[in-house]
There are 2 protein chains.
Amino acid sequence: MEMKDINILLAEDDKNLGTVLKAYLDAKKFNTTLKVNGKEAYDEFIKGNYDFLILDVMMPVKDGFTLAAEIRETDKETPILFLTAKSLPEDKMKGFKLGADDYLTKPFSMEELLARIEAILRRTQAHKTPVNKEFFTIGKFSFDVTRHILSADGESQKLTSKEAELLKMLCANKNETLDRSEALKHIWHDDSYFNARSMDVYVTKLRKYLKSDPTIEILNVHGVGFKLITE
Amino acid sequence: MEMKDINILLAEDDKNLGTVLKAYLDAKKFNTTLKVNGKEAYDEFIKGNYDFLILDVMMPVKDGFTLAAEIRETDKETPILFLTAKSLPEDKMKGFKLGADDYLTKPFSMEELLARIEAILRRTQAHKTPVNKEFFTIGKFSFDVTRHILSADGESQKLTSKEAELLKMLCANKNETLDRSEALKHIWHDDSYFNARSMDVYVTKLRKYLKSDPTIEILNVHGVGFKLITE
DNA sequence: AATAAGCGTTAAAGAAAGTTAAAGCCTTAT
DNA sequence: ATAAGGCTTTAACTTTCTTTAACGCTTATT
């Protein structure tokens, strides 16, 4: 499965486990934020734009169950997976009653955790964006993401997979900076020097395609990435 | 949640466990059908309109993994929960890789099973569209999977088995990329260079069959696979 | 200002895919 | 047993897509 821009909020008070988990999930192309108690996690959840919550149950200041209950007061959608040493049946049932999607007891394998996260995301992410009807307007151009077609003035240009993916990411971040490393991780699956050069070549190609509309610009943000500018 | 219209297909060869589970689930307002092996369960799944599958892994005639794989060939939606005595990590991973939503090892509590089923249904029931697993519509074409017949405008084209299998996989992944290696492993049983070339030949054939509808497209995703695009 | 790192662009090399035709390989009928 | 026919694979050639390399320019750092 392609794990593009999934933001995971991980609440775990065991620093060791937390760090290891975050490293593992980030390596699997997620974007993980680690908080060490329920209160911090709640504050982070409120401001952030999270797609998945992994909550330890026993934490200082505010435990995972309380945290989940607070979150579910306003948010019924974001998936919750409890991660805990408590394996009592009553606890499990409490977790599910609070609206959890899964409940994993320690010790567990990272692979299983990943598999369970992906199983849940398969269900939730698919419906988030009404699948594959993606369409962007860039100045006088219209861009059919699924068909890889960029058209304007009655003319159509068929894009290659890489061109289309890059343009899609730029469009999704219209007028904001698209981090080079994000694009590389997502499209090239590896943030390396040579892939970065390859990306530069693609930026040039996209600029050529778009140059007939002078209001459009793919701006370089030195050392950071690129920004697609349109009004 | 009101459960009385939820149809569960339960495949379990242990008569005792099967009967007890069915009774429990029916008491919880589900509508449960019990089959004692993978083959019977598959036949039942094909004709029925099921919302949830509970599959034992070890069963005579056809095991649960094989059954799940067959079902997932044409149906990516219906939730699958594996119920098994096999608790080896590799088995769990295999289950999830096959597209399972959950994996519960025996012995388990009925309450936990119920909680897990409900957690999954919460995600899936909201947006479900019942589809016929043996029949696909592709633009103006209709494709009878079992009979290998592709028809449109009153004309029918009989497909060869390889053509039909490939088209089936493309349909099951409509508007998503079908990985080349997945198709090769599944249809050719070996992901090799020469089979890949053979697959290319079949893609050309399918494109010819489908070309009379310009809204249909089999798009190549370079280095990854193919994507069947329809409106 | 000197230096290094980052970017823009073009061209060429390399890898993957599109297509067509012919060769293999089964199955079935004679 | 052999020939015919349909299906699948192999082969060869063509086209397209992606990466690498090269060179010049720009931006940050000191």
Side-chain angles (χ1 to χ4, degrees), chain A residues 145 147-150 156-170 177-212 214 216-229, chain B residues 147-150 156-170 177-211 214 216-229:
Chain A
V145 178
R147 288 176 188 273
H148 296 182
I149 290 172
L150 181 68
S156 291
Q157 170 67 47
K158 179 120 198 221
L159 303 185
T160 73
S161 318
K162 284 250 147 68
E163 288 166 356
E165 285 186 88
L166 182 55
L167 185 53
K168 176 181 163 186
M169 286 196 83
L170 285 166
T177 303
L178 167 65
D179 273 29
R180 196 182 198 104
S181 66
E182 288 238 354
L184 286 173
K185 272 203 287 186
H186 184 241
I187 303 175
W188 278 265
H189 309 110
D190 180 26
D191 179 351
S192 75
Y193 169 77
F194 283 108
N195 286 337
R197 296 322 324 274
S198 192
M199 180 173 164
D200 288 332
V201 172
Y202 278 92
V203 169
T204 298
K205 287 176 194 219
L206 292 180
R207 281 179 179 141
K208 246 179 213 159
Y209 292 141
L210 298 168
K211 73 161 178 280
S212 70
I216 304 169
E217 200 178 352
I218 300 179
L219 198 74
N220 172 252
V221 182
H222 197 94
V224 184
F226 295 90
K227 187 154 63 162
L228 174 68
I229 299 179
Chain B
R147 292 174 183 281
H148 295 185
I149 289 172
L150 181 68
S156 291
Q157 169 68 46
K158 178 112 203 276
L159 303 186
T160 72
S161 36
K162 281 253 148 61
E163 288 166 356
E165 284 187 271
L166 183 54
L167 186 54
K168 175 170 92 172
M169 287 195 83
L170 284 166
T177 303
L178 167 65
D179 274 29
R180 202 187 193 99
S181 64
E182 270 204 42
L184 286 173
K185 274 190 283 191
H186 190 258
I187 303 175
W188 278 265
H189 309 108
D190 178 27
D191 178 352
S192 75
Y193 170 78
F194 284 107
N195 286 336
R197 297 322 324 274
S198 191
M199 180 173 165
D200 287 333
V201 172
Y202 278 92
V203 169
T204 298
K205 288 175 192 218
L206 292 181
R207 281 182 178 140
K208 251 180 208 155
Y209 291 141
L210 297 168
K211 75 161 177 281
I216 303 170
E217 199 178 352
I218 299 178
L219 194 78
N220 171 251
V221 182
H222 199 96
V224 183
F226 295 90
K227 187 157 70 160
L228 175 67
I229 300 177

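Lettering follows sequence order; numbering is per chain, from 1. In this text, all values refer to a predicted model and were calculated from it rather than measured experimentally.
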(request) Would you work out how much the helix from C:dA1-D:dT30 to C:dT30-D:dA1 bends between its ends, with each end axis defined by five base pairs, to 10 degrees? (result) 30°

(message) Minimum heavy-atom separation for B:N220 and B:G225, please, with both atom names.
(response) ND2-O, 3.3 Å

(request) Using side chain to side chain contact (heavy atoms under 4.5 Å, CB included) as the criterion, point out the one residue from B:I218, B:L159, B:T160, B:L206 that pairs with B:L166. (result) B:L206

(request) State the CZ-CE distance between B:F226 and B:M169, to the nearest 0.5 angstrom. (result) 13.0 Å

(message) With a 4.0 Å cutoff (strictly under), does any side-chain N or O of B:T204 reach OP1 or OP2 of C:dT19?
(response) yes

(request) Grab the CD-C1' distance between A:E217 and C:dG8 for me, whole Å please. (result) 14 Å

(request) Could you state the atom-to-atom distance from CG of A:L219 to C1' of C:dC7 in whole Å? (result) 12 Å

(request) Mind calculating the distance between NE2 (B:H148) and C1' (D:dT8) to the nearest angstrom? (result) 15 Å

(message) For a quick check of understanding: with a heavy-atom distance under 4.0 Å over all strands, which category does B:F226 fall into, base, sugar-phosphate or nothing?
(response) sugar-phosphate

(message) Counting neighbours of CZ on A:R207 that are heavy atoms of other residues, nucleotides or ligands and sit closer than 6.0 Å, is the number greater than 12?
(response) yes

(message) Between P on D:dC7 and NZ on B:K158, what's the gap in Å once rounded to a whole number?
(response) 8 Å

(message) Can you tell me how far apart NE2 (A:H148) and CG (B:L219) are? Round to the nearest 0.5 Å.
(response) 5.0 Å

(message) Need to verify one output field. Residue with the more 5' nearest nucleotide on DNA chain C, B:G223 or B:K208?
(response) B:G223

(message) Quick check: closest heavy atoms across A:L178 and A:A183, and the distance to 0.1 Å?
(response) CD2-CB, 4.1 Å

(request) Can you tell me the distance, in whole Å, between the CG atom of A:L206 and the P atom of C:dT10? (result) 14 Å

(message) Nearest whole Å is fine: how far is D:dG6 C1' from B:L159 CG?
(response) 14 Å

(request) To the nearest Å, give me how far apart CG (A:D200) and P (D:dC25) are. (result) 17 Å

(message) Is any side-chain heavy atom of B:M199 closer than 4.5 Å to one of B:L184?
(response) yes

Protein-nucleotides 18-22 of chain D N/O pairs closer than 3.5 Å?
unit_1 : atom_1 : unit_2 : atom_2 : d
D:dT18 : OP1    : A:K162 : N      : 3.2
D:dT18 : OP2    : A:T160 : OG1    : 2.3
D:dT18 : OP2    : A:Y202 : OH     : 2.9
D:dT18 : O5'    : A:Y202 : OH     : 3.0
D:dT19 : OP2    : A:W188 : NE1    : 2.9
D:dT19 : OP2    : A:S198 : OG     : 3.0

(message) Students often get this wrong, so: under 4.0 angstrom with heavy atoms, is B:N220 touching a base, only sugar-phosphate, or nothing?
(response) sugar-phosphate

(message) As an exercise, state the distance from CD of B:E163 to CG of B:L150, rounded to the nearest 0.5 Å.
(response) 9.5 Å

(request) Nearest whole angstrom, please: distance from the P of C:dA15 to the CZ of B:R180. (result) 16 Å

(request) Considering only NZ, NE, NH1 and NH2 on the basic side and carboxylate oxygens on the acidic side, decide whether A:D179 and A:K227 come within less than 4.0 Å. (result) no

